[in-house]
There are 4 protein chains.
Amino acid sequence: MTAMAQEEGNAPRGRPRSAASRQAVLQAAYAILIEEGLGGFSVEAVAARAGVARTTIYRWWPTKGLLAFDSFREAFGAQLVFARTDAPAADLRALVRSLARALAGPAGRLAASVMAQAQSDPEVQKLFLEQFSLPLRRHSAGVLKAGIAAGVFRSDLKVERLLDALVGAVYLRLMFGLPLDAAWADALAETLLGGCMA
Amino acid sequence: MTAMAQEEGNAPRGRPRSAASRQAVLQAAYAILIEEGLGGFSVEAVAARAGVARTTIYRWWPTKGLLAFDSFREAFGAQLVFARTDAPAADLRALVRSLARALAGPAGRLAASVMAQAQSDPEVQKLFLEQFSLPLRRHSAGVLKAGIAAGVFRSDLKVERLLDALVGAVYLRLMFGLPLDAAWADALAETLLGGCMA
Amino acid sequence: MTAMAQEEGNAPRGRPRSAASRQAVLQAAYAILIEEGLGGFSVEAVAARAGVARTTIYRWWPTKGLLAFDSFREAFGAQLVFARTDAPAADLRALVRSLARALAGPAGRLAASVMAQAQSDPEVQKLFLEQFSLPLRRHSAGVLKAGIAAGVFRSDLKVERLLDALVGAVYLRLMFGLPLDAAWADALAETLLGGCMA
Amino acid sequence: MTAMAQEEGNAPRGRPRSAASRQAVLQAAYAILIEEGLGGFSVEAVAARAGVARTTIYRWWPTKGLLAFDSFREAFGAQLVFARTDAPAADLRALVRSLARALAGPAGRLAASVMAQAQSDPEVQKLFLEQFSLPLRRHSAGVLKAGIAAGVFRSDLKVERLLDALVGAVYLRLMFGLPLDAAWADALAETLLGGCMA
DNA sequence: CAGTAACCGAGACGGTACGTCTAGTCTTGAT
DNA sequence: ATCAAGACTAGACGTACCGTCTCGGTTACTG
């Protein structure tokens, strides 16, 4: 490890970054976004809640948006684990349910906040897309393509467009503050599955 | 005439509201949101650009979000006119295209800005939903239900879920800054139509 | 009266000035200055308390200072009536007592307010001096000169300087918020009288 | 040194206060009060003239009145140095002259402004009284008492009342915008001295 | 083991925008 | 002509945050 670091030429000099501070900041950001929403989310408030100097935040997170995104990533982590069985239709249903369930909780508020921030910060937009949305889509696309390969889904299915519809529906409700329950998720899955079958 | 005014109990007293100021404010808000985005959208900036006193804005628009929404409504107006022929599938395709085309232009940036504001202002969220989103959905639902009645779409089609998917897909791309061109709209429509036919 | 007015060429046309409004404004100004002090004294507050339109105040009183002065004059009126007996020393004592007693009450707060306004409005300064201070001094000077003529006060007494001292002492305590009781007034009179006697 | 600091418990943390800013603010306040008077004296104007952020002013001076007073104190400083010889009458004359000369200049306008502010801010009233007026009076009282002890002034002289008259006369002319020249000061001193001699 | 590099806390600084308050002016309809 | 009502321009108020800066102190690795 050390060798690798040295190979990269970044022998870590000086006092190392405080892991405690980092955690405190991310958790404070999380708590504020959940409890007070975007309105109460300021560097000042996060610093105060984390018991950390404001400068420490500015040293590591150049903008509020990136702090929010980091907090979201930390909290959301890899909550989404999609099984891939040999029943593609069921897999798709499980996928929609899983996404809806995850975003129905506090992570949903975080995601919505990050999306809002993204509207005034292209960097956040790009990060959220590349580091969160795309990986999820890649995995989901895999499920769909497997279904096509297995002959369960029709061969001319436009995978990307179906995912636009599927993911978009979830986000739409998220951002309008409408409930994301399992019944809704199942109904959505069923409706979309209709056009997928071979 | 006087009788009517008295019936309504609103004998208009005092200096009447300036229509010129109202227009100037809404246009300035529009211009700033388009040219500079949410970041540059402040009451201060709108007032300066409109050549209007800041207090005049506060008198009529209690929050920035409502100003943005009003500006969006004023600018977007009734751009969406959906024909309803006796070819439901074509109608649906036209509907998706129309929505995509409308939101591909400057109105899209406005809509995204309002959605962002809605994340920190439930009033905006409610207004946008009720005054913009729902009316559109009601009309679209009509198209779909006509198709069901005509026997073109399957009778157990979940209209609301299909609209979630359709509208959600558009918004998703809008908020990620991805292009909303006609090709994409057609592909989406085709994909979703697959599950609709009887 | 009307004949005279016509002789002066100002036949009063249009709606005559409302005496009720004038009184209401002056009393409201008085009440606010007494109850809330200079800080709460705004045209807005006076209008609200008087139940009068703001424009009505601006029509008749060009500045806040003049309104305050008018209110002071109305309320203070001719409270000071100095007897002039054949005992000049006693007259002087009575004069000091009378001035102190008058300014110890609410009129004192008004006077102090007007003095404060005068520091940012020369017109008020001039009015207060000419319409309130000088008449009082003229009368007081009469008392003193009578004393000199009677041979009670020394003939080279500088009347104006003595009045500077006498009136100044009262105002000083007024503006520092120190009490203006009879004992103080008597002590002052006695101290100053010492240098007056022949 | 460190020990002393710890004893005082004031280990100075954070960026130290900028002496340059402090000076710039006080001088700007001074200049504005002299050149434009109370009317032009706003935190905004002071900040602009000082080339300092408005927030920096609010950080250190809670109200306009205290800023004015601080500016007065800084500018007026210890201009008044009263000699105390063995000729009490001459000392008193010098004292009156000195006070009049000092307040005839720009410091007089500052003092009048502070007095005006004091009418709507008891804190300013108290500060001005305790930190400026009383010290001056204590010194003046010393001169008078020395005169009494030396048998030059009459033993029953009411020192405090004489000072009321003396200082009051000066302030009265100051606040009415009347000139405070040496001739006037001498005449006042002579008039008041009459009642002091043994 | 001293030096030094990067961290952390505290807090002042120049700014921007907020939302409110007040000053004056202007424009109505009504008296 | 005056009044009540109320919209308008203008600008200061005091507050909240922003992002930068300058301190004193605190860890680490390094010569």
Side-chain angles (χ1 to χ4, degrees), chain A residues 2 11-18 20-22 40-48 51-60 62-64, chain B residues 2 5 11-22 40-48 51-60 62-64, chain C residues 11-18 20-22 40-47 50-60 62-64, chain D residues 2 5 11-22 40-48 50-60 62-64:
Chain A
T2 305
R13 302 226 299 171
R15 179 176 174 175
R17 177 171 182 184
S18 156
S21 285
R22 180 176 174 278
F41 181 66
S42 67
V43 174
E44 201 122 316
V46 173
V52 147
R54 232 145 34 81
T55 37
T56 301
I57 296 184
Y58 282 115
R59 202 188 321 274
W60 301 108
T63 67
K64 278 206 301 180
Chain B
T2 305
R13 301 222 290 176
R15 178 175 175 174
R17 177 171 182 184
S18 158
S21 285
R22 182 176 173 276
F41 182 66
S42 67
V43 174
E44 201 122 316
V46 172
V52 147
R54 228 145 38 81
T55 40
T56 299
I57 297 184
Y58 283 115
R59 200 191 319 280
W60 301 108
T63 67
K64 278 204 303 179
Chain C
R13 305 222 298 171
R15 176 175 178 174
R17 178 170 182 187
S18 157
S21 286
R22 181 175 173 278
F41 182 66
S42 67
V43 174
E44 201 124 314
V46 172
V52 146
R54 235 144 33 81
T55 37
T56 300
I57 296 185
Y58 282 115
R59 201 189 320 275
W60 302 107
T63 67
K64 277 205 303 178
Chain D
T2 305
R13 302 221 289 175
R15 179 175 173 176
R17 177 170 182 186
S18 158
S21 285
R22 182 177 172 277
F41 182 65
S42 67
V43 173
E44 200 123 316
V46 172
V52 147
R54 225 147 42 81
T55 40
T56 299
I57 297 186
Y58 284 114
R59 201 188 320 277
W60 301 108
T63 67
K64 277 204 301 178

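Letters A, B, ... mirror the listed sequences (proteins, then strands); counts begin at 1.
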### Query
Could A:R17 and A:W60 be counted as a cation-pi pair, given that NZ or CZ must be under 6.0 Å from the ring centre and within 45° of the axis?
yes
### Message
Could you tell me how far apart B:I57 (CD1) and F:dA10 (C1') are, to the nearest whole angstrom?
### Response
14 Å
### Task
Would you please confirm or rule out a distance under 4.0 Å between OP1 or OP2 of F:dC3 and any side-chain N or O of C:W60?
yes
### Query
What does nucleotides 16-21 of chain E look like as a protein-contact string, B for base, S for sugar-phosphate only, - for none, at under 4.0 angstrom between heavy atoms?
-BSBBB
### Task
Grab the CZ-P distance between D:R13 and E:dC8 for me, whole Å please.
16 Å
### Task
For B:R15, enumerate each residue passing the side chain to side chain contact (heavy atoms under 4.5 Å, CB included) test, keeping only those at least two apart in sequence or located in another chain.
none
### Task
Measure across B:I57 and B:V52 and return the closest heavy-atom pair with its distance rounded to 0.1 Å.
CG1-CG1, 4.2 Å
### Task
Report yes if a side-chain nitrogen or oxygen of D:R15 is closer than 4.0 Å to either non-bridging phosphate oxygen (OP1 or OP2) of F:dC23; otherwise report no.
no
### Query
Hey, is the side chain of B:S21 poking within less than 4.0 Å of OP1 or OP2 on F:dT9, counting only N and O atoms?
yes
### Message
Please convert DNA chain E into dot-bracket. A pair counts if it is Watson-Crick or G-U wobble with both distances under 3.5 Å; crossing pairs go in [ ] and bases paired with another strand get |.
### Response
|||||||||||||||||||||||||||||||
### Summary
Tightest non-hydrogen contact, residues C:A45 and C:G40, listed as CB-O, 3.6 Å
### Task
Using only side-chain N and O atoms of B:R59, determine if any of them is under 4.0 Å from OP1 or OP2 of F:dC8.
yes
### Message
Please give me the minimum heavy-atom distance between B:A47 and B:A53, naming the atom from each residue.
### Response
CB-C, 4.4 Å
### Query
Taking only N and O in the side chain of A:S18, is any of them less than 4.0 Å away from OP1 or OP2 of F:dT27?
no
